[in-house]
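Because only heavy atoms are used, hydrogens play no part in the values below, and waters and symmetry mates are left out as well, while side chains stay in. FYI, the numbering just counts along the sequence from 1.
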Amino acid sequence: MPEYENRTRRELGAALRALLKQRPLDQLRVRELTEQCGLRRQSFYYHFKDVYDLFAWSVRQERALLLGRLEECLTWRQALLDLLDRAGEEEAFYRAVLDQGGQEGLGEMVPLEEVLEAVQSYYRGRCGTPPDQAEEERERRCGRALLLSLLEGRVRGGTAMPPEELADALERAAERSAAGAVWQTLRERGEWNQTP
């Protein structure tokens with residue numbers, strides 16, 4: 001795709017995000033978007049069939065951006081804080097994603113599985129526990145539900161806990177879980193001596 005086409009799409013995406021700070025998605029019109037960009041309506045329709053098509057494209061772009069940012073994070077904590085910060089910066093856009101697709105729509109956009117897999121891998125390696133795919137899948141489902149709820153609270157303004165405190169609480173919970181996994185592994189191997 002030529003650069004001018006990418007630029008036009010990006011400009012329309014930026015206009016969409018700006019207008020979402022003022023009104024919900026279902027109240028936005030193509031005319032407003034094109035006026036904000038200084039484009040003709042035909043330019044919009046060359047790239048998108050309607051406002052919802054632009055919104056869907058913007059959601060895919062956001063997911064790609066989040067995945068790129070995730071690759072730059074050195075720790076799961078950094079990834080979580082980056083995600084929470086991004087949701088705070090783009091609150092209106094993330095709220096529109098929630099309004100359109102609920103938590104499931106938000107979960108499709110945000111790469112939570114990648115963050116959770118990084119957490120599991122980190123603590124598994126730190127504790128030396130063998131992988132347990134079934135248990136890790138259950139933990140990821142639970143973690144995904146928790147993170148989606150926390151993210152929704154952040155976007156809708158329902159969480160009073162600052163991102164740093166939230167990360168601290170999640171890290172303590174992960175450490176306790178990892179310690180429990182080590183204890184369970186030692187007990188299963190018969191290496192746990194309960195008498196001093």
Side-chain angles (χ1 to χ4, degrees), residues 1-73 78-116 141-167 170:
M1 183 175 293
E3 178 56 32
Y4 72 89
E5 289 183 18
N6 286 331
R7 187 179 66 239
T8 300
R9 286 174 175 253
R10 285 192 307 271
E11 288 174 2
L12 288 166
L16 173 77
R17 287 171 189 260
L19 289 171
L20 283 171
K21 292 176 183 175
Q22 300 168 12
R23 289 188 309 288
L25 182 65
D26 62 353
Q27 293 179 11
L28 301 184
R29 303 293 173 252
V30 170
R31 180 186 47 77
E32 298 170 303
L33 292 162
T34 55
E35 284 176 2
Q36 186 149 345
C37 297
L39 297 171
R40 296 178 318 178
R41 288 173 53 93
Q42 292 86 348
S43 294
F44 178 92
Y45 289 113
Y46 176 78
H47 296 282
F48 303 105
K49 65 181 181 179
D50 57 23
V51 174
Y52 291 97
D53 190 31
L54 168 60
F55 181 71
W57 177 84
S58 296
V59 167
R60 290 190 303 274
Q61 294 302 302
E62 183 70 12
R63 178 166 177 80
L65 176 98
L66 291 172
L67 284 168
R69 289 172 66 148
L70 179 62
E71 288 179 9
E72 295 175 11
C73 294
Q78 185 182 7
L80 176 63
L81 290 173
D82 185 66
L83 173 60
L84 292 172
D85 287 345
R86 179 69 181 170
E89 293 166 7
E90 293 291 337
E91 186 176 303
F93 182 73
Y94 279 56
R95 190 176 315 114
V97 171
L98 276 165
D99 291 343
Q100 292 301 304
Q103 273 192 2
E104 196 55 40
L106 188 63
E108 290 173 14
M109 181 180 77
V110 178
L112 294 174
E113 285 77 16
E114 289 82 350
V115 173
L116 293 167
R141 280 197 315 264
C142 180
R144 184 176 191 276
L146 172 68
L147 288 175
L148 280 173
S149 294
L150 293 171
L151 193 55
E152 180 176 9
R154 172 98 168 131
V155 170
R156 296 204 189 273
T159 180
M161 187 180 284
E164 284 287 339
E165 278 184 45
L166 179 59
L170 290 173

Open item on the list: Any non-hydrogen side-chain atom of Val110 less than 4.5 Å from a side-chain atom of Arg63?
Closed with: no

Task: CG-CD distance between Leu54 and Gln61, expressed to the nearest 0.5 angstrom - done: 10.5 Å

TODO: Any chance you could lay out the side-chain contact (heavy atoms from CB on, under 4.5 Å) test for Val51 and Leu16, step after step, and finish with the verdict?
DONE: CA-CA 8 Å; Val51 174; Leu16 173 77; 4.3 Å; yes

Open item on the list: Between Asp26 and Tyr52, is there a side-chain heavy-atom distance shorter than 4.5 Å?
Closed with: yes

Task: Whether Ser43 side chain and Leu39 backbone form a donor-acceptor pair below 3.5 Å - done: no

Open item on the list: Nearest 0.5 Å, please: how far is CG in Leu106 from CG in Leu147?
Closed with: 10.5 Å

Open item on the list: Run the ring-ring contact (aromatic ring centres under 6.0 Å, His included) test against Phe44 and tell me which residues pass, sequence neighbours left out.
Closed with: Phe48

Open item on the list: For the CG atom of Leu148 and the CG atom of Leu112, what is their distance to the nearest 0.5 Å?
Closed with: 5.0 Å

Task: Salt-bridge contact Glu62-Arg86 (side-chain N to carboxylate O under 4.0 Å) - done: yes

Task: ring-ring contact (aromatic ring centres under 6.0 Å, His included) partners of residues 84-108, not counting sequence neighbours, each pair once - done: Phe55-Phe93

TODO: Determine the minimum heavy-atom distance between Glu91 and Val155, stating which atoms define it.
DONE: CG-O, 3.2 Å

Open item on the list: Closer than 4.0 angstrom, basic N to acidic O: yes or no for Glu104 and Arg144?
Closed with: yes

TODO: Mind listing the closest non-hydrogen atom pair of Arg17 and Ser58 along with its distance?
DONE: NH2-O, 3.8 Å

Task: Which atom of Arg69 lies closest to which atom of Asp82, heavy atoms considered - done: NH2-OD1, 2.6 Å

Task: Of Arg29, Gln27, Glu32, the residue whose pairing with Leu19 passes side-chain contact (heavy atoms from CB on, under 4.5 Å) - done: Glu32

Task: Point-to-point distance, once rounded to the nearest 0.5 Å, from CG of Leu146 to CZ of Arg141 - done: 14.5 Å

- [ ] May I ask you to check whether over 12 heavy atoms, not counting those of Arg40, lie within 6.0 Å of atom CZ?
- [x] no

TODO: Rounded to the nearest 0.5 Å, what's the gap from OG1 on Thr8 to NE2 on His47? Could you check?
DONE: 4.0 Å

Open item on the list: If I compare all heavy atoms of Ala79 with all of Cys73, which pair ends up nearest, and what's the gap?
Closed with: CA-SG, 3.6 Å

Open item on the list: Restricting to non-hydrogen atoms, name the atom on Arg95 and the atom on Arg156 that form the minimum distance, rounded to 0.1 Å.
Closed with: CG-NH1, 3.7 Å

TODO: Looking only at non-hydrogen atoms, find the nearest pair between Asp50 and Asp53 and report the distance.
DONE: OD1-N, 2.7 Å

Open item on the list: Within the structure provided, determine whether Leu66 and Leu83 are in side-chain contact (heavy-atom separation under 4.5 Å).
Closed with: yes

